[in-house]
Amino acid sequence: MGGCKVRILSRADFERSTLRVARSLIGKYLVREGPAGVQAGRIVEVEAYVGLTDRASHASRGRTPRTDVMFGQAGVAYVYLVYGMHHCFNVVTEREGYPAAILIRAVVTGSPARLIDGPGRVCRAFGIDRALNRMDLTSGRELWIEDRSERVSESAISRLPRIGVDYAGEWAAKPYRFRLNGLS
DNA sequence: AGATTGATCCAT
DNA sequence: TGGATCAATCTG
C-alpha cells in the first residue's frame with residue numbers, strides 16, 4: 001500500500017501544548033525494542049499533567065529529584081514506581097522549565113488484538129521500568145512513539161476526568177483524560 | 001472492600 | 001529520621 005508513512009515523533013512534536021499533544025497521541029504507536037524483540041501498541045488512552053498549578057501533577061509541589069525530569073526537555077521518558085509495585089510511563093512535553101507530561105494509560109497490541117488497560121499493565125507488557133527514566137524517546141532506540149498516518153476523528157475520542165487523583169480538588173474534575181471510544 | 005509494596009517527601 | 005502518602009492492580 002502506498003502512502004502509509006511511518007514517522008518517529010520528534011522533539012518538536014512534544015514541545016507543544018500538553019493537551020494538544022495528549023489528544024494527538026491517541027492512535028499513535030508505542031514501540032519498544034528490547035531483549036525480547038520489537039513490540040508495538042496502539043495508544044488508546046492517555047492523561048495530561050500540566051504545569052505547576054495542576055494539583056494532580058507530581059510537579060505541583062515543585063522541582064524535586066523525582067520531578068526534575070518533568071521540568072526538562074520534551075520527548076523524554078518519565079517513569080516512576082507507584083504503590084511500591086507498578087511502573088507508570090509518561091512522555092515529557094512543553095518547553096524546558098515548564099513541568100508537564102502525558103501518562104500512557106492503555107494500548108491495543110498483539111494478534112489477535114488485546115486491550116492492555118492501565119498504566120501499570122502497559123509497563124509490565126512492554127518491559128518498561130525506571131531504568132528507562134529520562135530516556136530520550138526521539139532517538140529511535142529502545143523506546144519511541146510512531147505516527148503511522150492513522151487519522152482518529154474528534155468524535156472517536158472521549159474526554160474524561162483523570163483516574164486516582166481525588167486529592168487534587170477542582171483539578172481532579174478537569175477533562176484531561178483522552179480515551180478512544182468503543183474499547184471493551 | 002482490603003491487601004499489597006517501597007520510593008518519595010516533608011514535618012516532627 | 002519516621003511516617004503518611006501514593007497518577008495501581010489483584011483477589012475476594
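Side chains are part of it too, since the values below use all heavy atoms of this structure and drop only hydrogens, waters and symmetry mates. Lettering follows sequence order; numbering is per chain, from 1.
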Inset, instruction - Answer yes or no for A:Arg66 and A:Tyr80: cation-pi contact, defined as NZ/CZ to six-membered ring centre under 6.0 Å and angle to ring axis within 45°. - result: yes
Legend entry - For chain A, the stretch of DNA chain B it reaches, first to last nucleotide, under 4.0 Å of its heavy atoms: B:dT4 to B:dC10
Inset, instruction - Give, for atom CG of A:Leu143 and atom OG1 of A:Thr138, the distance between the pair rounded to the nearest 0.5 Å. - result: 11.5 Å
Inset, instruction - Using the ring of A:Tyr29 (Phe, Tyr or Trp, six-membered ring only), decide whether A:Arg148 places NZ or CZ under 6.0 Å from its centre and within 45 degrees of its axis. - result: yes
Legend entry - Heavy-atom contact window of chain A on DNA chain C, given 5' to 3' at under 4.0 Å: C:dC6 to C:dC10
Legend entry - Runs of at least three Watson-Crick or G-U pairs with DNA chain B, cut-off 3.5 Å: B:1-4 with C:8-11, B:6-11 with C:1-6
Legend entry - Gap separating the OG1 atom of A:Thr93 from the CZ atom of A:Arg20, nearest 0.5 angstrom: 13.0 Å
Legend entry - Nearest-nucleotide 5' precedence on DNA chain B, A:Met85 against A:Arg130: A:Met85
Inset, instruction - Report which part of the nucleic acid A:Arg124 touches: base, sugar-phosphate, or nothing (heavy-atom distance under 4.0 Å, all strands). - result: sugar-phosphate
Inset, instruction - Please round to the nearest 0.5 Å and tell me the distance separating atom OG of A:Ser24 and atom CD1 of A:Ile43. - result: 9.0 Å
Legend entry - Heavy atoms of other groups near A:Arg11 CZ, more than 12 under 6.0 Å: yes
Inset, instruction - Would you classify A:Arg66 as touching base, sugar-phosphate or nothing, given that sugar-phosphate means primed atoms plus P, OP1 and OP2, and contacts are heavy atoms under 4.0 Å? - result: sugar-phosphate
Legend entry - Any A:Val152 side-chain heavy atom under 4.5 Å of A:Arg42 side chain: yes
Inset, instruction - Would you check, one step at a time, whether the test side chain to side chain contact (heavy atoms under 4.5 Å, CB included) holds for A:Leu52 with A:Arg61? - result: CA-CA 7 Å; A:Leu52 279 171; A:Arg61 276 174 289 189; over 6 Å; no
Legend entry - Within 45° cone and under 6.0 Å: A:Arg162 NZ/CZ vs A:Tyr49 ring: yes
Legend entry - Residue pair A:Val21 / A:Ile102, side-chain heavy-atom distance below 4.5 Å: yes
